[in-house]
Novice: 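I'd like to ask some things about the structure below.
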Amino acid sequence: MSSVWGNKVKISIFGESHGEGIGVVLDGAPAGLRLDMDELLLNMGRRAPGKDKAATPRKEADVPNIVSGVLNGVTTGAPICCFIENTNTRSKDYGNLLSKPRPGHADYTGYVRYRGFNDIRGGGHFSGRLTAPLVFAGSVCRQALRKRGVEIASHIYSVGDIKDEPFNPVSIDGELIKRLNKRSFPLINEDIEDDMRSHIERARLDRDSVGGIIECCAAGIEPGLGGPMFSGAESLISSVMFGVPAVKGIEFGAGFDITRMYGSQSNDPFEYIDGRVMTSSNNNGGILGGITSGMPILFRVAIKPTPSISKEQNTVDLQSGENTTLEIQGRHDPCIVARAAVVIESALAIALINL
Ligand SMILES: Cc1cc2nc3c(=O)[nH]c(=O)nc-3n(C[C@H](O)[C@H](O)[C@H](O)COP(=O)(O)O)c2cc1C
């Protein structure tokens, strides 16, 4: 198993959901960056379980213990290691998963790939909990990016069929970015919050779960970053995004809808505004030929419904070799989309710092 990612700035994520703890080593971070710990903890809190009623009741303090690379609140340039203790584990909930893999989770594929040696408790290294260190690393990268005028934000674009308003693709409002960055249930149009929450609550009461889409953007990106083919901005961003558990798709700019347009509609016309080359639409999501155009980077990721549901499901018993059923105990989010928003923002920051 390897959970190392990055070229110039590398992250290495370690730990298991129900082990002693989880963490990250961030290698290659710039020296001399004064960390805003309040902002960092706010980000960790947006992801942490037990804070929002739409999320899992498993409460974790998620206090990042910075073990190295930061002195008197300032990065030293040495690898930054952050350790987060697991304080709230109930491994007995996972007893029967040893032989009965949860449909939609990584129990079966992990069992096959690691010949049964992988830590199954709480999903082990496959758990959504491993996104806490990712948010820590992303938050550090985000603060470094801000020094270069780059701001990142996301919102819940949809849950089920309930949709928020989209970002303005050509100009992301600075005040909107600040507002979204503080929210654990980030929406552009907050009037739809009750509808979304009711949809999630109905799924929970039905012992089920729902998924959704997160729209994410980076404003203030300079043009000319990236390259063609495999080292492009889209490749880098997508590769970190698929490191986030439950992400099943990504689309940039107009995404799959671009296929229904004529070229005269999908092309983003260039224009000079205050001496800068801009485009009057942003169907390409701020990236052309894998290289940033200077327009906001804009994309959406699909988050699947939480696999662990308490509704009875068909599965197999790997010990007896028989078909069977499973009712999952334990504390699981009926919808992880809200908590995943800051994870997606953090993953983008890690990709952008490497660009
Ligand atoms: C923030 C976050 C929290 C998650 N919480 C849960 C959870 O409580 N229960 C669960 O079954 N899956 C949860 N997941 C999703 C699983 O970890 C994921 O579906 C599983 O590892 C299989 O990977 P895949 O969906 O990418 O194929 C969470 C994911 C994220 C990003």
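Both ligands and their constituent atoms are indexed starting at 1 by order of listing. The first residue in the sequence is number 1, and the count goes up from there.
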Novice: Report yes if some N/O of Val244 lies less than 3.5 Å from some N/O of ligand 1; otherwise report no.
Specialist: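 For ligand 1, there is no N or O atom that lies under 3.5 Å from one belonging to Val244.
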Novice: Tell me which part of Arg129 gets within contact of ligand 1: side chain, backbone, both or neither, using heavy atoms under 4.0 Å.
Specialist: neither
Novice: Hey, which atoms in ligand 1 end up nearer than 4.0 Å to a heavy atom of Pro307?
Specialist: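 With Pro307 as reference, the close atoms of ligand 1 come out as 10 (C), 11 (O), 12 (N), 19 (O).
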Novice: With distance as the sole criterion, is a donor-acceptor pair present between the side chains of His125 and Ser3 under 3.5 Å?
Specialist: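 Yes, a side-chain donor-acceptor pair sits under 3.5 Å.
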Novice: Within a radius of less than 6.0 Å around NZ of Lys304, do more than 12 heavy atoms belonging to other residues, nucleotides or ligands occur?
Specialist: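 It does: Lys304 NZ has more than 12 such atoms within range.
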Novice: Is there at least one pair of N or O atoms, one from Ser308 and one from ligand 1, spaced under 3.5 Å apart?
Specialist: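 N/O-N/O distance under 3.5 Å: yes.
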Novice: Pairs of nitrogen or oxygen atoms closer than 3.5 Å, one from Arg47 and one from ligand 1: do any exist?
Specialist: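 No, since none of the N or O atoms of Arg47 sits under 3.5 Å from an N or O of ligand 1.
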Novice: Say you draw a straight line from CZ of Arg179 to CG of Asp173; how long is it, rounded to the nearest 0.5 Å?
Specialist: 9.0 Å
Novice: Decide whether Ser17 and Arg129 meet the rule of one side-chain donor and one side-chain acceptor closer than 3.5 Å.
Specialist: no
Novice: Under a 4.0 angstrom heavy-atom cut-off, which atoms of ligand 1 come close to Gly128?
Specialist: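 Near Gly128, meaning under 4.0 Å from one of its heavy atoms, ligand 1 has 2 (C), 3 (C), 4 (C), 17 (O), 28 (C), 29 (C), 30 (C).
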Novice: Determine whether the side chains of Asp268 and Asn284 contain a donor N or O and an acceptor N or O closer than 3.5 Å.
Specialist: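 Note: Asp268 and Asn284 side chains meet the donor-acceptor criterion.
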Novice: Which option wins on minimum heavy-atom distance to atom 10 (C) of ligand 1: Thr131, Val135, Thr306?
Specialist: Thr306
Novice: Yes or no on ring pair (Phe, Tyr, Trp, His ring centres under 6.0 Å) for His155 and Phe167, after CA distance, side-chain angles and deciding distance?
Specialist: CA-CA 9 Å; His155 69 114; Phe167 279 122; 4.7 Å; yes
Novice: Show your working on side chain to side chain contact (heavy atoms under 4.5 Å, CB included) between Ile221 and Arg148 and close with a plain yes or no.
Specialist: CA-CA 8 Å; Ile221 279 284; Arg148 300 182 66 159; over 6 Å; no
Novice: As an exercise, identify every atom of ligand 1 less than 4.0 angstrom from a heavy atom of Lys248.
Specialist: 27 (O)
Novice: Test your reading of the structure: does Phe126 have an N or O sitting under 3.5 Å from an N or O of ligand 1?
Specialist: yes
